[in-house]
Amino acid sequence: MNATPSQNPAMKDAILQVEHLSMKFGGLVAIGDLSFSAKRGEITALIGPNGAGKTTVFNCITGFYKPSEGMITLNRADGSSYLLERLPNHEIPARAKVARTFQNIRLFSGMTLLENLLVAQHNKLMKASGYTMLGLFGFSSYRKASAESVELAKYWLEKADLVDRADDPAGDLPYGAQRRLEIARAMCTGPELLCLDEPAAGLNPKESLALNTLLMDIKNNSGTSILLIEHDMSVVMQISDHVVVLEYGRKISDGNPQSVRTDPRVIAAYLGVDDEEVETVLTEVGDEDVIEQLDTGPDAAHGPGTSSSYLAGPVSDTVSHSEGERVTVSKGASKAAQVDARAASVASKPVAAKPAPAAKPATKTATAKKPVAKAPAKKAEGVSNRLAAPRGGKADNLTRIKGIGTVNEKKLNEHGIFHFDQIGAWKKADVEAAEAYLAFDGRIAREEWVKQAKLLGQGKETEFSRRVDAGKVATSHASGKAAPGKTTAATKPAAGKRGGDK
C-alpha cells in the first residue's frame, strides 16, 4: 500500500491531500468532487452547515467509508505515502498514523483515566508480550514497555490538566474534561494526523478555552497536525491556520480564517439566512471588499474545480448520512450557489438596463447600484393583477407573509404588487411570472404565499404574521400589524436585523 511520495511542489508540505473525493450511497450524493489539502504542523478546520457532509469526509479519511471516487493521500514525516482509500481501515491508524475522535464521546466510562490511555497503547504492549501471556511472568521487555506506556499516559493526562484524577472513573468527569481525555487517548497512539469531530460541541466558554489551549499545545509541541470539524467559531477562528467550507457536499471556500469569514458565499450559506435576505445580510456586514466580491462574480480560486463530476450538475435531491440522517435539498437551496448566480447575473446585465440617476459617476461600485430615489412601479409581464399604485395610496405589509422579506417586498412593489388580495388571487402563470423577477424557483408554492395572502386578506392571522406583529421579525413598516389597505408608512428596518428571527 506504500506509494512513492509526490514530487508536486504544492504537496511537499501537505500531510493530507484530498483529490476529487466523491461519496455516493446508491443514487444519493453526500460528497461531490471535493479537493483540499492540510499542511503539516497546521490546524485545518472543516466547517459548514448541518448536513454539509463534514463527518462523511472524516469517515472516508479514517476508513469507515470507502469513497466512490477520488484519492486521499497521507504523507508521513519519514517520506512514505499512503493512499488511505486503499488501506484496510485497521491499518490507517497503525501504518498511516491517523487517529480520530467522534461527535459522541466514546470513552470506557467504568475504567480509570489512566486505564483509558493504556488501552490506546494496546498494540505496543501486546507486541512487547510476544502476543502471548509472557507479560504475566515479568519479562524485562514487557516491564520496560509497560513503564513507558504509563509514563506516556501520565504525560498526556498532565497536558490535558487531568493528572490529579488519573485514578477516577472516566464516567465521573465533567463533559469538558471527558472531551480532553478523549483527545489525550488519541494522542497516546502517536498520530501524525489527528482528526477531531466537533471537539467543542456542548462546551461552555471556559471549557472551550481549555480545549483551545490543549490543541495549540499539540500543534506547537507534538509535531501532530490537526484536522477538525467544528461549529464553534470562537474555536475555529482563534486556532485554525486553514479553513475549508462545505455546503451540500461541495467546497464553497478554502483559505485562511480571515478570507473565509469575509467570503460572501460563506456568509450566505453558513448563516442560513432566507433566500430573499442574502443581499441584506451581505450589505449589513459592512465590508466593502465583501460586497465588491459579490458584485463582480465568484472567485475562481475558491470552490471545486471544473472536473467532470462537478460539471455533471447539482447535488442530488437527497443527501444521506451514516446515522440515518436524510437531508432534502430543494432546487436552489444552496445559498452559496445563489450568491454566485446573482453575481453572474449582475455581471451579465448591460449597464443600460439598470435604472440609474443621470448624474451617477461612472466609477460608482455596485454597492450603490440601488438608486436612492424610489423607482416607479414596474409592470411584470404575465402577472395579471398588477397595479400602477397601491389602492388608497397605502400598501399592505407584505412582510407578514412568511418568505417575503424586506428585499422581496420592495421588488414586489416595484412590479405593481401591493396588497394581500393580489397575491391571494395568483394563478400558476402569475406565480411563474413573479418567480422570474424574484430570482428563485419553487419558493412561492413551497411556503404557500397564496394561502397565507388569502388569510391575511380576510383579516385573519398566521403564526408568522403574529411574530411580525410582535416585532420579532424585521419589517419595512413602522407597525408590524396592518389590516389590508391600512398599512402604515414604510420605514427602514431596525439596524442589526438580519433576515428575521431564525
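Here the side chain of S240 pairs no donor or acceptor atom with the backbone of M237 at under 3.5 angstrom. Here the side chain of N116 pairs a donor or acceptor atom with the backbone of F108 at under 3.5 angstrom. Under a 3.5 Å cut-off, the side chain of D217 and the backbone N or O of T213 do not form any donor-acceptor pair. Checked by atom type and distance alone, the side chain of R76 pairs as donor or acceptor with a backbone atom of R95 at under 3.5 Å. Looking at D263, its side chain never comes within 3.5 Å of a backbone N or O of S253 through a donor-acceptor pair. No donor-acceptor distance shorter than 3.5 angstrom exists from the side chain of W449 to the backbone of V431, with no hydrogens or angles considered. Using modelled atom types, no side-chain atom of E247 and backbone atom of I252 make a donor-acceptor pair closer than 3.5 Å. In this structure, E19 contributes its side chain and S35 its backbone to no donor-acceptor pair below 3.5 Å. The backbone N or O of Y155 sits nowhere less than 3.5 Å from a side-chain atom of E158 that would complete a donor-acceptor pair. Judged by distance alone, the side chain of Q121 and the main-chain N or O of L117 form a donor-acceptor pair under 3.5 Å.
The OG1 atom of T62 lies 12.0 Å from the CG atom of L87; values are rounded to the nearest 0.5 Å. Note that CZ of R86 and NZ of K66 are 11.0 Å apart. Values are rounded to the nearest 0.5 Å. With values rounded to the nearest 0.5 angstrom, L107 atom CG is found 8.0 Å from L113 atom CG. Between the CD1 atom of I47 and the CD atom of E230 there is a distance of 10.0 Å, given to the nearest 0.5 Å. Taking NE2 from H242 and CD1 from I226, the interatomic distance works out to 15.0 Å, rounded to the nearest 0.5 Å. A distance of 13.5 Å separates CG in L34 from CE in M23, rounded to the nearest 0.5 Å.
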ask   = Stepwise, does the side chain to side chain contact (heavy atoms under 4.5 Å, CB included) test hold for I401 with Q452?
value = CA-CA 6 Å; I401 296 176; Q452 293 183 66; 3.8 Å; yes
Residues L227, F58; criterion side chain to side chain contact (heavy atoms under 4.5 Å, CB included); working and verdict = CA-CA 9 Å; L227 177 66; F58 260 38; 3.7 Å; yes
task = Using the side-chain hydrogen bond (donor to acceptor under 3.5 Å, both in side chains) rule, take S22 and D33 through it: C-alpha gap first, then chi angles, then the decisive distance, then the call.
result = CA-CA 5 Å; S22 294; D33 195 42; 5.2 Å; no
request  = Applying side chain to side chain contact (heavy atoms under 4.5 Å, CB included), run through Y65 and V57 and close with a yes or a no.
outcome  = CA-CA 9 Å; Y65 295 156; V57 174; over 6 Å; no
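Remark: T224 pairs with S222 by the side-chain hydrogen bond (donor to acceptor under 3.5 Å, both in side chains) rule, at least two apart or across chains. Under the salt bridge (Lys or Arg N to Asp or Glu O under 4.0 Å) criterion, D161 pairs with no residue at all, not counting sequence neighbours. Taking E85 as the reference, nothing meets the salt bridge (Lys or Arg N to Asp or Glu O under 4.0 Å) condition, with sequence neighbours excluded.
No hydrogens or angles considered: nothing links the side chains of T73 and Q17 as a donor-acceptor pair under 3.5 Å. Side-chain N/O atoms of T44 and D241 include no donor and acceptor closer than 3.5 Å.
The side-chain contact (heavy atoms from CB on, under 4.5 Å) test with I92 singles out one residue from L74, V98, L193, and that residue is V98. For the side-chain contact (heavy atoms from CB on, under 4.5 Å) with R179, the qualifying choice from L214, I105, L196, L211 is I105, the only one to do so.
Ionic pairing of E69 and K24 is present here: one or more N-O contacts between side-chain nitrogen and carboxylate oxygen are shorter than 4.0 angstrom. E192 and R40 are joined by a salt bridge, as a carboxylate oxygen and a charged side-chain nitrogen come within less than 4.0 angstrom of each other.
In this structure the side chain of E42 never reaches within 4.5 angstrom of the side chain of K219, judged on heavy atoms.
For CD of E148, the number of neighbouring non-hydrogen atoms (other residues, nucleotides, ligands) closer than 6.0 Å is greater than 12. Other residues, nucleotides and ligands contribute at most 12 non-hydrogen atoms within 6.0 Å of the CG atom of N104.
Relative to the ring axis of F102, R100 places its NZ or CZ within 45° and under 6.0 Å from the centre.
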